Amino acid sequence: MDPILDRWFYSRDTVLVARDLLGKLLVCKYNRKLLSGIIVETEGYRASDDPASHAYKGKTRRNAPMFDLVGYSYVYFIYGNHFCFNVVAKSNDQKAGAVLIRALEPLDGIEFMQKNRKQEDLQLLTNGPGKLTQALGISQDHNVLDLTKLKKLYIVDGILVKSDDVVTTNRIGIGVAHEKQWRFYLASNRWVSK
DNA sequence: CACCCGATTATCT
DNA sequence: GATAATCGGGTGT
């Protein structure tokens, strides 16, 4: 098995970690099944320098993991319907930070993902932040789990990413900080959102 | 307790 | 492309 990403990996600048998570493998154990996918799209969210971040105005009950728990999951509920899965990552000089996982290329347990999503079409299975959490069965129960341990949810090394395959753009679905180029995706991959 | 709104998605036209 | 769905968090009264 590929080596699991350790605490050090996540203890770096949020935007750098967002870039480096491309090509890694997200694994989720679901009803004794193993569901996984290759991370093909991410976005970085920081703290007081980032008006688009949950952590912008300081620590609250919801966003507390972003401040304290490097290498842990941060899952939140949005628009009354969807869960978004984030990885807490930041350097010591940042107060908070997390990487939103926006899309996966489905790998293991595809038939269970199709069942979870009520969606047969592979193309539409995990090509968005709310879609991939539904496919993997990620909900509020998966908030604040240590991703550096081989338990319910973790991330391991995956495929080699060529630097000229990485596209950098502004983030999606936010009304502020459009100038920040903190979204990354693999140009050659079909599962990128939108 | 009332109000506003969001790191989205599916389903229209 | 436009919009309804849907509900918990955050804020202020």
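Order of the sequence lines fixes the chain letters, A, B, ..., with proteins taken first and strands second; residue numbering starts at 1 for each chain. Being a predicted model, the structure only gives us computed values, none of them experimental.
Using modelled atom types and a 3.5 Å distance limit, the side chains of R183(A) and T169(A) yield a donor-acceptor pair. Defined by atom type and a distance below 3.5 Å, a donor-acceptor pair is present between the side-chain atoms of Y30(A) and N116(A). Using a 3.5 Å distance cut-off with no hydrogens or angles, the side chains of T148(A) and R7(A) do pair a donor with an acceptor.
Ionic pairing of K90(A) and D13(A) is not present here: no N-O contact between side-chain nitrogen and carboxylate oxygen is shorter than 4.0 angstrom. With respect to the salt-bridge test (charged N to carboxylate O, under 4.0 angstrom), the residues K152(A) and D141(A) do not qualify.
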Under 4.0 Å protein heavy-atom contacts per nucleotide of nucleotides 1-13 of chain B, with B for base, S for backbone only and - for none: -----BBBSS---
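Of all nucleotides in DNA chain C having an atom under 4.0 Å from a heavy atom of chain A, the first and last in 5' to 3' order are dA5(C) to dG10(C).
Taking atom P in both dG1(C) and dA7(B), the straight-line distance is 23 Å, to the nearest Å.
Residue Q94(A) forms a side-chain contact (heavy atoms from CB on, under 4.5 Å) with just one option from V15(A), V70(A), D49(A), T14(A), and that option is T14(A).
Counting all heavy atoms, side chain and backbone alike, T133(A) lies closest to F83(A) at OG1-O, 2.8 Å.
Atom CG of N63(A) and atom OH of Y45(A) lie 14.5 Å apart (nearest 0.5 Å). Separating the NE2 atom in H54(A) from the CZ atom in F67(A) is a distance of 11.5 Å, to the nearest 0.5 Å.
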Pair assignment for DNA chain C - dot-bracket with | for other-strand partners, Watson-Crick or G-U under 3.5 Å: |||||.||||||.
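In N92(A), the CG atom is not crowded: 12 or fewer heavy atoms of neighbouring residues, nucleotides or ligands sit closer than 6.0 Å.
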